[in-house]
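A quick write-up on the structure given underneath.
Computation of the quantities below employed the complete heavy-atom set of this structure, encompassing side-chain atoms and omitting hydrogens, waters and symmetry-equivalent molecules.
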Amino acid sequence: MAEGEMIGVKTRSRVIAHFLLVIGVIVVAFPIYYVFIASTHSIQTILRPPLPLLPGPELVENYGDAMTGGVGRIGGVGVGRLLWNTTVVALGIAFGKIVISMASAYAIVFFRFPLRMVCFWLIFITLMLPVEVRILPTYKVMVDLKLIDTYAGLILPLVASATGTLLFRQFFMTIPNELLEAARVDGAGPWRFFKDILLPLSLTNIAALFVILFIYGWTQYLWPLLVTNSNSMNTIVIALKKMISFADADTPWNLVMVTSMLAILPPILVVVLMQRWFVKGLVETEK
Amino acid sequence: MNRATFPHRLLPWLLVAPQLAISFVFFYWPAVQALRQSTLREDAFGLKTQFVGLANFRRVLSDPAYVNSIQVTAVFSVLTAFFSMAIALLLAVQAEKVVRGKGFYRTLMIWPYAVAPAIAGMLWLFMFNPSFGTLAWPLRQLGITWDPLLNGSQAMTLVVAAASWKQISYNFLFFVAGLQAIPRSLLEAAAIDGAGSARRFWTIVFPLLAPTTFFLLVVNTVYALFDTFGIIHAVTGGGPGKSTETLVYKVYNDGFVNLILGESAAQSVILMVIVISLTAFQFKYVERRVHYG
């Protein structure tokens, strides 16, 4: 008897498993495929359902129009500009958060200073204050600091949060004491120890956190909605919302679908290409 | 264990300073302001503010619109958490059974994780748009009067579908990891004793997955409460009527659109209490249950 059959995974049940998985994949991936299809058809085809299941002839024209600002509702801002804004925000949040949280975790684990645990708790408690529960007062702070419609305003409030610090603290605590002692015997200061020993050891964690934070930054909604007024500072998600009116017939759906495609593609590529670190990081860090 | 450390005094302060500074400016200060604002009331012209104690809270909690929004949030969260977890678990169990194509299925399954909730909502409304949605078309052929822009429960169905779809990837990855941690020997022993695959699932796999399930339950509740603002805002705007107005959407709407500052702040404080209890619950019970058995 084969090992597979021993625990009851017979060929029949494996076929059923494949069948269910294929249905699952269709349900999960179909909406994204559908956006791609819609982005290659003319508005007339889109408005006459059902939409064909294969790409249409308008791909080049639709993408060209959207890139050069063919959508009137967002003041003619091109998709290129929106992608740039979103990239700046996502990278700013990812790198900013990694740097800031590594620094604070390094201080908390490898130094002894007064109020060390108070600092840790002050950072930890921010977990319980998501932006949704402090919308108005945070907005007021942004106005007072003149950060409305700036990249700093889009990035800064989102770079401090406890998750990164908690992750790095947990990881740093697994570093054996001997490593630090040996480094100190060799005359290495905090910077040398960090650069030559800790950083190389942390690379997997950094890669994992990078994917999670990049997606987090790219998909932000409430915050960019509040701190951007001008069309040229919008992220692509907010611009999409402004382009669409479900009640009204003159939404340029073909261009909206191009914009959706371009809004979805970069984060999907990041997740798929960095899948190994992402899956490991997600499952390990969030637990 | 006594940790080896560096003797520096000033350096650690410089290292924690950026995070503490941002936490104070953008987290603590606004949170304190929300608390303060929740006890004040402005007159109609915004000229005078007056301390009113807990009156804003009393007003919010006795407001039928707020009670409605609590119900909407509860229905929305329970349905979203249930569907996204049940579908993810079903698929994760199938993925454990197959030998070939595991990587292929996983790669396709994680796509929605990268899609912003607001975009997920817009895609679903695009597909199910009453006038030209390709998937609304068969519904109409079947004689169903489908219009999520006018019918409250259809609007709720649509936002639940979009929110669950987006969360399947996340739950799938965690269930796969949880399933891999279950010792094969247990399943083999049960198989030898003659337990069929359904029986093995309910008596061994499902109970041993409990830590993962509890963890995901908390995460999905937080997700449904807060991260789905984009879906509601982009797709239904809380409507039709108030049938999809969740708590977070109402805080936003009362504060930014209707400009009722005191009551919006009181709602913020209530939400803060909900988040704090959920986080405390997670750390007290879920963390402990992770080290099951």
(request) Count the heavy-atom pairs under 4.5 Å between each of W13(B), W29(B), W124(B) and chain A, then report the option with the highest count. (result) W13(B)
(request) Sort A188(A) into side chain, backbone, both or neither according to what part of it lies under 4.5 angstrom from a heavy atom of chain B. (result) backbone
(request) Just give me the residue among L20(A), L122(A), I135(A) that pairs up with chain B most often, heavy atom to heavy atom, under 4.5 Å. (result) L122(A)
(message) Given heavy-atom pairs under 4.5 angstrom as the criterion, report whether the side chain, backbone, both or neither of P114(A) touches chain B.
(response) both
(request) Go through R100(B), Q37(B), Q267(B), M127(B) and name the one with the most non-hydrogen pairs under 4.5 angstrom from chain A. (result) M127(B)
(request) Examine whether an atom of V15(A) lies under 4.5 Å from a heavy atom of chain B, and if so say whether it belongs to the side chain, the backbone or both; otherwise answer neither. (result) neither
(message) Is Y34(A) close to chain B through its backbone or its side chain, or both, or neither, when contacts mean heavy atoms under 4.5 Å?
(response) side chain
(message) Out of L179(A), V25(A), V99(A), return the one with the most heavy atom pairs under 4.5 angstrom to chain B.
(response) V25(A)
(request) Considering only heavy atoms and a distance below 4.5 Å, find which of V270(A), T165(A), L158(A), V159(A) pairs most often with chain B. (result) T165(A)
(message) I'd like to know which of T107(B), L135(B), V176(B), V115(B) tops the heavy-atom pair count under 4.5 Å against chain A.
(response) T107(B)
(message) Can you confirm whether H18(A) sits close enough to Q94(B) that some side-chain heavy atom of one is under 4.5 Å from a side-chain heavy atom of the other?
(response) no
(request) For residues W111(B) and Y33(A), determine if any side-chain heavy atom of one lies less than 4.5 Å from a side-chain heavy atom of the other. (result) no
(request) Tell me, for I276(B) versus chain A, whether the close heavy atoms (under 4.5 Å) come from the side chain, the backbone, both or neither. (result) both
(request) On the 0 to 90° scale, with breaks at 30° and 60°, tag the F215(B)-F174(B) ring pair as parallel, tilted or perpendicular. (result) tilted
(request) May I ask you to name which of A103(A), P190(A), P267(A) has the most heavy-atom pairs under 4.5 Å with chain B? (result) P190(A)
(message) Within the 4.5 Å heavy-atom criterion, are F172(A) and I108(A) side-chain neighbours or not?
(response) no
(message) Tell me which of these, A38(A), C119(A), A29(A), has more heavy-atom pairs under 4.5 Å with chain B than the rest.
(response) C119(A)
(message) At a 4.5 Å cut-off on heavy atoms, which part of L226(A) comes close to chain B: side chain, backbone, both, or neither?
(response) side chain
(message) Quick one, W223(A) and M142(A) - any side-chain contact, counting heavy atoms below 4.5 Å?
(response) yes
(request) Heavy-atom distances under 4.5 Å only: say whether L273(A) touches chain B with side chain, backbone, both or neither. (result) neither
(message) As an exercise: rank I264(A), V141(A), T126(A) by heavy-atom pairs under 4.5 Å with chain B and give me the winner.
(response) T126(A)
(message) What part of L145(A) gets within 4.5 angstrom of chain B, counting heavy atoms only: side chain, backbone, both, or neither?
(response) side chain
(request) Could you tell me which portion of L225(A) (side chain, backbone, both or neither) has an atom closer than 4.5 angstrom to a non-hydrogen atom of chain B? (result) side chain
(request) Please report the C-alpha distance between K166(B) and D227(B) in whole Å, then the side-chain angles of each, then the deciding distance to 0.1 Å, and finally whether the side chain to side chain contact (heavy atoms under 4.5 Å, CB included) criterion is met. (result) CA-CA 11 Å; K166(B) 152 116 192 82; D227(B) 297 342; over 6 Å; no
(request) Check whether F111(A) gets within reach of chain B through its side chain, its backbone, both or neither, counting any heavy atom under 4.5 Å. (result) both
(message) Are V275(B) and F226(B) packed together at the side-chain level, in the sense that at least one heavy-atom pair is separated by less than 4.5 angstrom?
(response) yes
(message) Looking only at heavy atoms and a cut-off of under 4.5 Å, which of G255(B), P18(B), A120(B) has the most pairs with chain A?
(response) G255(B)
(request) Would you mind checking which part of M257(A) comes under 4.5 Å of any heavy atom in chain B, side chain (CB onward), backbone (N, CA, C, O), both or neither? (result) side chain
(request) Check whether L247(B) gets within reach of chain A through its side chain, its backbone, both or neither, counting any heavy atom under 4.5 Å. (result) neither
(request) Under 4.5 Å heavy-atom distance to chain B, tell me which part of I215(A) shows up: side chain, backbone, both or neither. (result) side chain
(message) Tell me the closest heavy-atom pair linking N171(B) and S84(B), and the distance in Å.
(response) ND2-OG, 3.3 Å
(request) Sort F30(A) into side chain, backbone, both or neither according to what part of it lies under 4.5 angstrom from a heavy atom of chain B. (result) side chain
(message) Quick check: Y139(A) with F256(B) (ring centres under 6.0 Å apart)?
(response) yes
(request) Report the option among G133(B), P117(B), P7(B), G101(B) that has the most heavy-atom pairs separated by less than 4.5 Å from atoms of chain A. (result) P7(B)
(message) With a 4.5 Å cut-off on side-chain heavy atoms, are S264(B) and L136(A) touching?
(response) yes
(request) Please work out whether the ring planes of F229(B) and Y252(B) are parallel, tilted or perpendicular, with thresholds of 30° and 60°. (result) perpendicular
(message) What part of V35(A) gets within 4.5 angstrom of chain B, counting heavy atoms only: side chain, backbone, both, or neither?
(response) side chain
(message) Please classify the contact of Y216(A) with chain B as side chain, backbone, both or neither, using a heavy-atom distance under 4.5 Å.
(response) neither
(message) Are the side chains of V109(A) and F168(A) in contact, using a 4.5 Å heavy-atom criterion?
(response) no
(message) Only pairs of heavy atoms separated by less than 4.5 Å count here; which of L278(B), I110(B), I270(B) has the most with chain A?
(response) I110(B)
(request) Could you check whether the rings of F110(A) and F193(A) sit parallel, tilted or perpendicular, using 30° and 60° as the cut-offs? (result) perpendicular
(request) With the side chain counted from C-beta on, respond yes when V27(A) and I87(B) share a heavy-atom pair under 4.5 Å apart, and no when they do not. (result) no
